[in-house]
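Reading through the structure tokens given below for one structure.
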Amino acid sequence: MIEFSLSDEQKALKEMVRRFVEKEVIPNAARFDESGEFPKEIINHAWELGIMNTAIPQKFGGLGLGVLDEVIINEELGAGCLGITTSIMVNNLALYPILLGGTDEQIKDLVLPFLESPKLAAFCLSEPGSGSDAGSLSTHAEDKGDHYVLNGSKMWISNGGVADLFTVFATADKSLKTKGILCLAVDAKSPGIHLGKPENKMGQRSSDTRSITFEGVKVPKKNLIAKPGEGFRLALKTLDHTRTPTASAAVGGARAAMNHSIKYAKERKQFNQAIASFQAIQFMLADMATKVESGRLLCYQAAWNLDNGNHDIARYYSALAKRLSADMAMEVATDAVQIFGGYGYTKEYPVEKIMRDVKLMQIYEGTSQVQRVVIARYLLQD
Amino acid sequence: MSVFLVGEHKEGQLKRVTLEILGELLKQGTTPTVVLLGKGGMDSIAADIAKKGPTKVVCLENAALETYSTEGYANSLYAFLSKQGATAVVAGATSQGKDFMPRLAAKFQSGFAADCTEIKVVGDKVTVRRPVYAGKCTKAVEFLKSPAVFTVRPNVFPPAPDKGASAAVEKAAAEVGNIRAKIAQVIASTVKKVELTEADVIISGGRSLKNAENFKILQDCANVIGAAVGASRAAVDAGYAPHDMQVGQTGKTVSPKLYIACGISGAIQHLAGMRTSKVIVAINKDPEAPIFQKADYGIVGDLFEVVPLLTEELKKLKAQS
Amino acid sequence: MNIFVMLKQVPDTETKIKVTADKSNIEKNDIKWIINPYDEFAIEEALKTKERLKEGTVTAVTVGPDRTVEALRTAVAMGADNAIHVKTDDVVDTFQVAKALSEVLKKESAQIVFTGKQAIDDDQAATFGFVSELVDWPSASVIVKVEIAPDKKSLKAERDVEGGTRHIIEMPIPCVLAVDKGINTPRYASLPGIMKAKKKEIKVYSFADLGVTGGPTVKESDYQLPPERSAGKKITGDAATQVKELVRMLREEAKVI
């Protein structure tokens, strides 16, 4: 039977994150957006509340929560600030390859420290020359017997400047194409790592995004996750898990934009009446709600499938969720600015920030175009 | 009806709320006995009350009642009233009243209603009306047991006028019982700057203040009633007030009982910060200013003339309390 | 030290209040229920007290139907050690609730009892007083600071009264304290806390179990919404007249000063 209600614990979780966001994220979001400063204290507090790294299994001392719980957390965080949400989210992204492909030893060694203190991690797949075509990455890992030597550059790395651990995808042999890719867990303090300057981004400005250059970086063999040649599949499997929570963050952003618009439309008067009495505005609000609800439902369905081990169909639903949520969030945010009119175009009101923030949802963790490729592939398979 | 009104006094002065309740009870056709508690020396206060026409004034005296204590008051009143066949016991819903009256009601094991804003006496029965859900609605309360114990909100009823009456003043020893919670120290207030988001009353100024010094006019008014001072974005942008005083979309959101907007036009960004205020007063030279559409009371006038007069009028009002 | 918190589940502050057709109450369907905000300060103070004393247990107790268990789980998620639910589906008044709570406190040998100064639905600020009297312990209300004596046999509680004067009240333990906002900053329920709370066993009592009998002491009826905010009045006359009239109306009509 279909069940549409959340459990008591899920409701309690949603409420707790919502309050945290209301008290600590929302009052500070504009300030961090303006300055581009990394909100370490807020992230630390999120860590203390236990809402980071939720996927670490219980047998290792983690909460072992599923994707649906991440979805719930991310929608609330996204409604507060997408920049802060990304900083929190990408930890799961970076740790998933180890959780999915690593040995228990590796998990204990590399992941458990994240339960002991608010460390941060970064997922390093994209490069200056490879984004959607992730399989064509060039960062090279040379096998030196008991260690690898990494050379190359990664681009658009979220948490790049603040991470303690990098999960790096590199190739041992470019001629093998995707079959040459391996995954290495790299200590951020390793000699030879050069951090680029933080990117001066359009939105999600409190998220630390940089290029990272590896120059002869030595990585011990014990940090090789899964086998050489399995790296690309591991990356895709990881993205299968994180795509849906990311989509949910977009739903949160859209929801916030919609709620701001509803409130404003009731207050703003033109032609002697609240603009909420004009059908043009009402229709925009109705469309916003339709989009937000649809996005949420797809996220829930994708999460449910992931949590129930239906990986193939989960990939399909995750792509649907990400594609729809990201694209609709951009539409909703744009309409929100429109409803606010001139006021919406200024930083005095929160909607222009949401519009700038939400644009990235259509680009990262798989562009909306790549999502359509995944969807079509599923539909056309034999 | 045998109604007993517990009077409240401080440093030789009767609190206005006692006379307000007395006035309303008399209006409702019932003459209460007013009870005062203290170590002694309440004669002039008692005489004052006696002139307003209660049945009589009873001074319950005990050295232990020199300072207020929850148990001292609850015990003394119960010991006295339980022998009087009281059908109703009332006090002001002040800090003190809210503190001891529930204990007194529990001693009587009878019904209690707090912070009442309406009293109705019909024959031998008293019903009250009180606000609930932070005043979003009110409800009527009937007491099913005797005595009816209730507190009345201050500043709701006009005080009882002098009738030239001369009710009897009696004294009795207060049976204070065992007082376990005692005030060990009293620290007089230091003038604290009222935090904008916590203030019950806010007086705000706009660009019409013309400069930072003029904000003193608002501060003088605020000081009389313990209000906080706010400012519109225009005033802050012009440098007349610091950013932490700004009320509005990018400033603070406030929800006081009373918001007085002086020389503020009422643009939507300002309204966003204060529109949930319970009562809004606007003072502005421009009769077409949008703020008048949101205000409950408006004065079209020059704030430089009106606000100082308001300060004086409020000083007069405070003196009466 | 056996620290107790009496808490109440109330409708969320944002709830739009609607009166039922027969005016006997407010519409209670579709309400979001929360822990009374003042009780959250009480929970936090209880937890802080345990932390300061470096010993003791914190028990949360509430009276009401099954939905109130959620409030208890939130208290446990915040860090309370135990929870007690006095289950009743009947409509009970403040005094009946106080009787039940006082029996629990006696039965469980509570020592320091915290509660919020008032519940934001009923706004009576009476439960703490009723309970203290029924258990016959000293009490103080509107407390903004608590300090336990080193011998743990008494405490000092601070409150502000009209005029900003501060009273420091000393009393022996056991006692009941009703706290005001600003005494502390309530912590969030952490996610691990929420998960642990899910499994926590909650002790359940009925009114009968506690030997609480007796009907209500008051009858409440005729709920009314305040009159709609009427259009603003522009006060006329010269400045002095306008001001006099404004102050009069603010005092007598609006009743805000």
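Per chain, numbering begins at 1; letters A, B, ... match sequence-line order.
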Check your understanding: So Lys316(B) and Lys244(C), side chain to side chain contact (heavy atoms under 4.5 Å, CB included) or not? Walk me through it.
Key -> CA-CA 10 Å; Lys316(B) 274 191 230 158; Lys244(C) 271 205 173 62; 4.0 Å; yes
**Study point:** pair Lys139(B)-Asp122(C): side-chain heavy atoms closer than 4.5 Å
**Key:** yes
**Study point:** Heavy-atom contact with chain B under 4.5 Å, split by part of Lys181(C)
**Key:** side chain
Check your understanding: Is the closest basic N to carboxylate O distance between Asp123(C) and Arg130(B) below 4.0 Å?
Key -> no
Review point. So do Ser139(C) and Arg103(B) actually touch side chain to side chain, heavy atoms under 4.5 Å?
Key: yes
Exercise for review: Identify which part of Phe95(C) has an atom lying under 4.5 Å from any heavy atom of chain B, answering side chain, backbone, both or neither.
Suggested key: side chain
Point to revise | Shortest non-hydrogen separation from Pro172(C) to Arg180(B) and the atoms involved | key: CD-O, 3.3 Å
Point to revise | CA sep, side-chain torsions, deciding dist, call: Tyr133(B), Ile26(C), side chain to side chain contact (heavy atoms under 4.5 Å, CB included) | key: CA-CA 10 Å; Tyr133(B) 298 97; Ile26(C) 61 154; 3.2 Å; yes
Check your understanding: Of the non-hydrogen atoms in Pro216(C) and Leu144(B), which two are nearest, and what is the gap between them?
Key -> O-CD1, 3.6 Å
Review point. Picking from Gln118(C), Lys156(C), Gln242(C), which has the most non-hydrogen pairs under 4.5 angstrom with chain B?
Key: Gln242(C)
Practice item. May I ask you to name which of Thr165(C), Val218(C), Val142(C) has the most heavy-atom pairs under 4.5 Å with chain B? Key: Val218(C)
Review point. Below 4.5 Å, heavy atoms only, C-beta onward: do Leu310(B) and Val247(C) meet side chain to side chain?
Key: yes
**Study point:** Heavy-atom donor-acceptor pair, Lys257(B) side chain to Lys255(C) backbone, under 3.5 Å
**Key:** no
**Study point:** Contact leader toward chain B among Val19(C), Val161(C), Leu134(C), Thr127(C), where contacts are heavy-atom pairs under 4.5 Å
**Key:** Val161(C)
Check your understanding: Quick one: what part of Thr94(B) sits under 4.5 Å from any heavy atom of chain C, side chain, backbone, both or neither?
Key -> both
Review point. Measuring heavy-atom distances to chain B, does Leu250(C) have an atom under 4.5 Å in its side chain, in its backbone, in both, or in neither?
Key: side chain
Point to revise | Leading residue by heavy atom contact count with chain B [cutoff under 4.5 Å; candidates Gly214(C), Ala239(C), Gly182(C)] | key: Ala239(C)
Exercise for review: First locate atom CZ of Phe130(C), then atom CD of Gln109(B), and finally report the distance between them rounded to the nearest 0.5 Å.
Suggested key: 10.5 Å
Revision key, fill the gap. If you tally heavy-atom pairs under 4.5 Å between each of Glu158(C), Met171(C), Glu162(C) and chain B, the highest tally belongs to Glu162(C)
Check your understanding: With side chains defined as the heavy atoms from C-beta onward, is the minimum distance between Glu253(C) and Tyr297(B) less than 4.5 Å?
Key -> yes
Practice item. Check whether any side-chain N or O of Gln124(C) sits under 3.5 Å from a backbone N or O of Ala114(B) as a donor-acceptor pair, and report yes or no. Key: yes
**Study point:** Side-chain heavy-atom pair Asp222(C), Arg129(B) within 4.5 angstrom cut-off
**Key:** yes
Review point. At a heavy-atom separation under 4.5 Å, does Leu225(C) approach chain B through its side chain, its backbone, both, or neither?
Key: both
Point to revise | Engaged part of Thr15(C) at the chain B interface, taking heavy atoms whose separation is under 4.5 Å | key: backbone
Review point. Considering residues, nucleotides and ligands other than Lys145(B), do more than 12 of their heavy atoms fall under 6.0 Å from its NZ?
Key: yes
Point to revise | Region of Pro11(C) in contact with chain B, defined by heavy-atom distances below 4.5 Å | key: side chain
Point to revise | Segment of Thr13(C) engaging chain B (4.5 angstrom heavy-atom cut-off) | key: backbone
Check your understanding: What is the distance from atom CG of Asp99(B) to atom NZ of Lys117(C), rounded to the nearest 0.5 Å?
Key -> 12.5 Å
Review point. For the atom pair CD1 (Ile187(B)) and NE2 (His167(C)), what is the distance rounded to the nearest 0.5 Å?
Key: 10.0 Å
Check your understanding: For the candidates Ile17(C), Asn25(C), Asp121(C), which exhibits the highest count of non-hydrogen atom pairs separated by less than 4.5 Å from chain B?
Key -> Asp121(C)
Point to revise | Side chain, backbone, both or neither of Val307(B) within contact of chain C (heavy atoms, under 4.5 Å) | key: neither
Practice item. Measure the spacing between CZ of Phe128(C) and NZ of Lys98(B) and express it to the nearest 0.5 Å. Key: 10.5 Å
Revision key, fill the gap. When every non-hydrogen atom of Val279(B) is compared with those of Ala254(C), the smallest separation belongs to CG2-CB, 3.9 Å
Review point. Which atom pair, heavy atoms only, marks the closest approach of Pro102(B) to Ala126(C)?
Key: CB-O, 3.7 Å
Exercise for review: Could you tell me whether a side-chain N or O of Lys234(C) sits under 3.5 Å from a main-chain N or O of Phe292(B), the two making a donor and an acceptor?
Suggested key: no
Review point. Just wondering, are more than 12 heavy atoms of other shown residues or ligands nearer than 6.0 Å to CG in Asp151(C)?
Key: yes
**Study point:** Heavy-atom closest contact (Ala240(C) atom, Leu309(B) atom, distance)
**Key:** N-CD1, 3.6 Å
Point to revise | Which atom of Ser95(B) lies closest to which atom of Asp160(C), heavy atoms considered | key: OG-O, 4.2 Å
